[in-house]
Amino acid sequence: SEGALPEEWLITAAALKIDQGHFGDAVQLLTQARAATSADNFSYYVSDMLFQKASQNDPVLASMCRTKKALPAANP
């Protein structure tokens, strides 16, 4: 029986789809990867320059590839 692809494979496949100009397919793969990993891991993966540059050309991809920014510590 076939199982889901590991998150690393999904991210790699999404990167290949972006390179080919298939942003919709990349979004589908990223959706699967996001479900298969923690938010921190996903943020790490999509912080890669390839995803960030592609996000400038596609609003859906941009919403998928937003990375969490560290918040400054609150002063007591």
Side-chain angles (χ1 to χ4, degrees):
S1 75
E2 293 182 26
L5 288 175
E7 66 199 59
E8 295 88 354
W9 289 26
L10 292 166
I11 294 293
T12 300
L16 291 170
K17 291 297 183 183
I18 288 170
D19 189 55
Q20 297 166 352
H22 302 292
F23 290 179
D25 292 339
V27 167
Q28 290 177 346
L29 290 161
L30 289 172
T31 300
Q32 293 175 42
R34 185 168 57 181
T37 191
S38 70
D40 286 339
N41 280 351
F42 185 78
S43 244
Y44 171 77
Y45 294 137
V46 298
S47 68
D48 183 88
M49 184 174 58
L50 178 123
F51 293 104
Q52 294 303 307
K53 281 186 132 183
S55 292
Q56 296 171 3
N57 300 315
D58 186 273
V60 176
L61 192 58
S63 70
M64 290 288 302
C65 293
R66 280 195 198 105
T67 57
K68 296 190 310 183
K69 303 276 190 224
L71 296 175
N75 291 331

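Heads up: numbering here begins at 1 and tracks the sequence.
Take Gln20 and apply the side chain to side chain contact (heavy atoms under 4.5 Å, CB included) test, not counting sequence neighbours, and it matches Lys17, His22. Scanning for side chain to side chain contact (heavy atoms under 4.5 Å, CB included) contacts around Ser63 gives Arg66, with sequence neighbours left out.
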Side-chain atoms of residues 23-33: list all donor-acceptor pairs with protein atoms under 3.5 Å, sequence neighbours left out, distances to 0.1 Å.
residue : atom : partner : partner atom : Å
Thr31   : OG1  : Val27   : O            : 2.8

May I have the list of side-chain donor-acceptor pairs in residues 53-61 shorter than 3.5 Å, sequence neighbours left out?
residue : atom : partner : partner atom : Å
Ser55   : OG   : Phe51   : O            : 2.8
Asp58   : OD1  : Val60   : N            : 3.2
Asp58   : OD1  : Leu61   : N            : 2.7

Can you list, pair by pair, the side-chain donor-acceptor contacts under 3.5 Å of residues 4-15, counting residues two or more places apart and other chains?
residue : atom : partner : partner atom : Å
Glu7    : OE1  : Thr37   : OG1          : 3.3
Glu7    : OE2  : Thr37   : OG1          : 3.0
Glu7    : OE2  : Tyr45   : OH           : 2.7
Thr12   : OG1  : Glu8    : O            : 2.9

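Taking CZ from Phe42 and OG from Ser47, the interatomic distance works out to 10.5 Å, rounded to the nearest 0.5 Å.
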